[in-house]
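Note on naming: letters A, B, ... go to the chains in the order of the sequence lines (proteins, then strands), and numbering restarts at 1 for each one.
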2 protein chains.
Amino acid sequence: MSYRKGYMSERELVHKLHKKGFMVVRTPRSGRMNIPLPDIIAVKKGRIIVIECKSRKNGFTVPMDQLEQLRKWESLGGASAFIGWKIPYKGWSFLKLNDVVMNKGNVGKKFISEKGISIDEI
Amino acid sequence: MSYRKGYMSERELVHKLHKKGFMVVRTPRSGRMNIPLPDIIAVKKGRIIVIECKSRKNGFTVPMDQLEQLRKWESLGGASAFIGWKIPYKGWSFLKLNDVVMNKGNVGKKFISEKGISIDEI
């Protein structure tokens with residue numbers, strides 16, 4: 001995945017969430033200060049959502065340390081954490097953190113077709 | 001205020017909040033995509049805090065459009081919004097958005113000594 005492609009996909013997702021009434025932040029790429037950060041943080045009427053975004057053609061494995069970071073946002077922050085995958089020619093689909101953890105971080109097309117939810121369901 | 005001074009002050013505040021159990025994000029300076037963003041967003045056990053940070057010697061006025069942006073984080077996002085002022089030789093003090101709005105955005109040393117709260121009270 002090119003940096004630019006990922007960036008454009010994330011921008012698009014930020015706008016989608018904003019249109020749905022969320023206040024949204026894309027976290028900075030640099031200066032992360034060693035504090036775990038998901039790619040997107042969105043809040044709406046007290047609900048907190050954090051999303052780790054992937055924009056690529058084929059399946060992938062989310063590294064264990066990233067899963068643990070997302071878990072902290074859930075346990076300490078009170079957020080709901082998701083892995084978002086922008087599948088070419090299909091668009092964004094989302095997996096609940098717990099489903100991805102249960103699958104050892106592995107995300108493929110069969111898995112997301114079974115467990116994936118749309119932006120309207122997150 | 002120099003950019004670097006403000007940056008260092010914000011970093012310090014991010015670490016303080018992190019130590020207090022918040023999951024914290026400093027929002028990016030660039031690429032704001034025309035969506036209103038406070039300087040810091042922090043969440044803890046479902047509580048959402050947003051902070052507009054000022055690091056300067058003398059009083060200041062928060063522009064009306066910034067106040068309105070913070071208001072949106074409260075009304076749409078469900079956050080509690082604060083203006084944080086790092087006063088030289090005194091450290092961080094925080095004002096509730098509503099107090100600052102009632103004072104037409106004006107923040108001075110007398111005002112913050114009356115209405116200001118510490119990091120432990122936000």
K.L.:
If we count only N and O atoms by modelled type, under 3.5 Å, do the side chains of B/Ser9 and B/Glu12 hold a donor and an acceptor together?
P.N.:
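Result is no, nothing qualifies.
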K.L.:
So, does B/Thr27 use its side chain to make a donor-acceptor pair with the main chain of B/Pro38 at under 3.5 Å?
P.N.:
yes
K.L.:
Which atoms of B/Ile48 come close to chain A, meaning under 4.5 Å heavy atom to heavy atom: side chain ones, backbone ones, both, or neither?
P.N.:
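It is the side chain, since no backbone atom gets that close.
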K.L.:
Identify whether the distance between the nearest side-chain nitrogen and carboxylate oxygen of A/Glu114 and A/Lys110 falls below 4.0 Å.
P.N.:
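Yes, A/Glu114 and A/Lys110 are salt-bridged.
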K.L.:
To check you understand the geometry: which heavy-atom pair defines the closest contact between B/Val62 and B/Phe60, and what is its length?
P.N.:
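Answer, listing the atom of B/Val62 first, then B/Phe60: CG2-CE1, 3.8 Å.
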K.L.:
Using a cut-off of under 4.5 Å for heavy-atom pairs, which of B/Ser75, B/Gly46, B/Ala79 has the most such pairs with chain A?
P.N.:
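Maximum pair count with chain A is reached by B/Gly46.
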K.L.:
Where does A/Ile41 contact chain B at under 4.5 Å (heavy atoms): side chain, backbone, both or neither?
P.N.:
side chain
